[in-house]
Protein chains: 2
Amino acid sequence: MTELKHEPFRTLHLEHASTVDRVADELRRAVFDGELESGTPLRELAIAASLGVSRPTVREALTVLVAEGLAMREPNRGVSVATPEADSVRDVCAARLVLEGAGIRQWRSATEEQQALVRSTLAAYIAAIESDASYQELNERHLAFHVSLVGLTGSPRLVAMQENLVVELKLALAQVDRIRRNAHDQADSHAALVRLLERDDLDAAYDFLVRHLADAQGEIVEALDLT
Amino acid sequence: MTELKHEPFRTLHLEHASTVDRVADELRRAVFDGELESGTPLRELAIAASLGVSRPTVREALTVLVAEGLAMREPNRGVSVATPEADSVRDVCAARLVLEGAGIRQWRSATEEQQALVRSTLAAYIAAIESDASYQELNERHLAFHVSLVGLTGSPRLVAMQENLVVELKLALAQVDRIRRNAHDQADSHAALVRLLERDDLDAAYDFLVRHLADAQGEIVEALDLT
DNA sequence: TCTGTCAGATTGTCTGACAATCTTCGGGCC
DNA sequence: GGCCCGAAGATTGTCAGACAATCTGACAGA
């Protein structure tokens, strides 16, 4: 084989974006940015014309969105932006507690690398707050921190599941915050959680997480009901 | 509305199967039955001709399979049946432990209905064993029991995640058992687990689950390495 | 041995089309 | 006046055919 030991091109990375992917990306962006209200029908022809691609391509992109839970397909009635229900939010938070709780419980058996990821994700979140980053970015960093907690389990599948849950949350937040943007500062709370972890006080950390998720759920559900 | 109180047609259910769904079902069946070896390329034209549908329809069905993890898509190289790696199996089992463990921990706070589901699923598994059911059905019942454990959490999303994991396991089993079918009787072990639950001895039940999953993982990985 | 080139196969995407189904709207009937 | 019903329009689900881009493999040439 012609494989070199040092692999000098390891950092190179070609963006292999198919048309379908780019269409899906654009639709995702529009949903998260709140340009598309929940329940908005996503007409294939309109999107195809608007983006300058063909209908089959749009169709494929839509099935991707549906698989991700960002949209709903009703037979013979097309695809529309999913509407986050209060029950869904409650379920997402319950599921998050299971996944993130599992991560916390495995703090001690996690690798140094995984622990470092939690710290650095928290640091990035704090830095974003202090630099007055955009609302979107704060959300992103915040949720990335919670994903990193699941990363402590070392299980790619659990992380993937958490990322799915986070997508649903982002959808709900996009709907809620389209009306009133309230990305309030939660850095202290998260920093306290990490301190408990560093102190190996896992039970306290878990209790902390329980309260934190309950709070988040309460806020989102409340805001959702006002819609 | 003309809605009747007793809803006499509640049991009626029209199979609203689109062509895409039926193609996907057929492909799934073929994979689980071991007709398609892992790594087999799934050519769009061949499948379309073989099933008498058009290529776009097959394409959509394939993206469904890929989303489910049953197949892999490599850009410009098409879709092929996924190959279960030992690492994947280990990860699936680790993830299962988190989900099923969460179910067990919530046994007490589960509804009567959810607990009954666990019992009845176990009963169905045992009945299938005693009636010398087919290999496929035993597998199905066995895994259904484990799903019902996750059902104790009452979280539809966690159940959906577990079902995804189970799909991957079924794929691995299909590959392993294509060579040697070894659906050995595990009814006693599962019955013991339920007895521990009924006795509210959750810690023991959890330990039991840990061992059970470790055993299962060991067997599958071993059989996989022999391939 | 390595590189460049070419044919065949397969996918990614487009165009155009048609039937089935849903929605809407207006007409006829009580 | 209000309600059932049928026709028109819109949209999806599916199909057929086509073409460019890319991958594979083989073969010739430096």
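Side chains are part of it too, since the values below use all heavy atoms of this structure and drop only hydrogens, waters and symmetry mates. The sequence lines fix the lettering, A, B, ..., with proteins before strands; numbering per chain opens at 1. On a predicted model such as this, the values are computed, not experimentally measured, just so you know.
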Report, one line per pair, each donor and acceptor closer than 3.5 Å where one atom sits in a side chain of residues 80-90 of chain A; sequence neighbours left out.
unit_1: A/Asp87; atom_1: OD1; unit_2: A/Arg90; atom_2: NH2; d: 3.3

Side chain to side chain contact (heavy atoms under 4.5 Å, CB included) filter on A/Val23, not counting sequence neighbours, yields A/Thr19, A/Leu27, A/Leu51, A/Val53, A/Thr57, A/Ala61

Across all chains, not counting sequence neighbours, the salt bridge (Lys or Arg N to Asp or Glu O under 4.0 Å) partners of A/Glu74 are none

Across all chains, not counting sequence neighbours, the salt bridge (Lys or Arg N to Asp or Glu O under 4.0 Å) partners of A/Glu163 are none

Across all chains, not counting sequence neighbours, the side-chain hydrogen bond (donor to acceptor under 3.5 Å, both in side chains) partners of A/Asn164 are none

Expected string for nucleotides 12-21 of chain D under the B/S/- scheme (protein heavy atoms, under 4.0 Å, primed atoms plus P, OP1, OP2 as sugar-phosphate) is BBBBS-B---

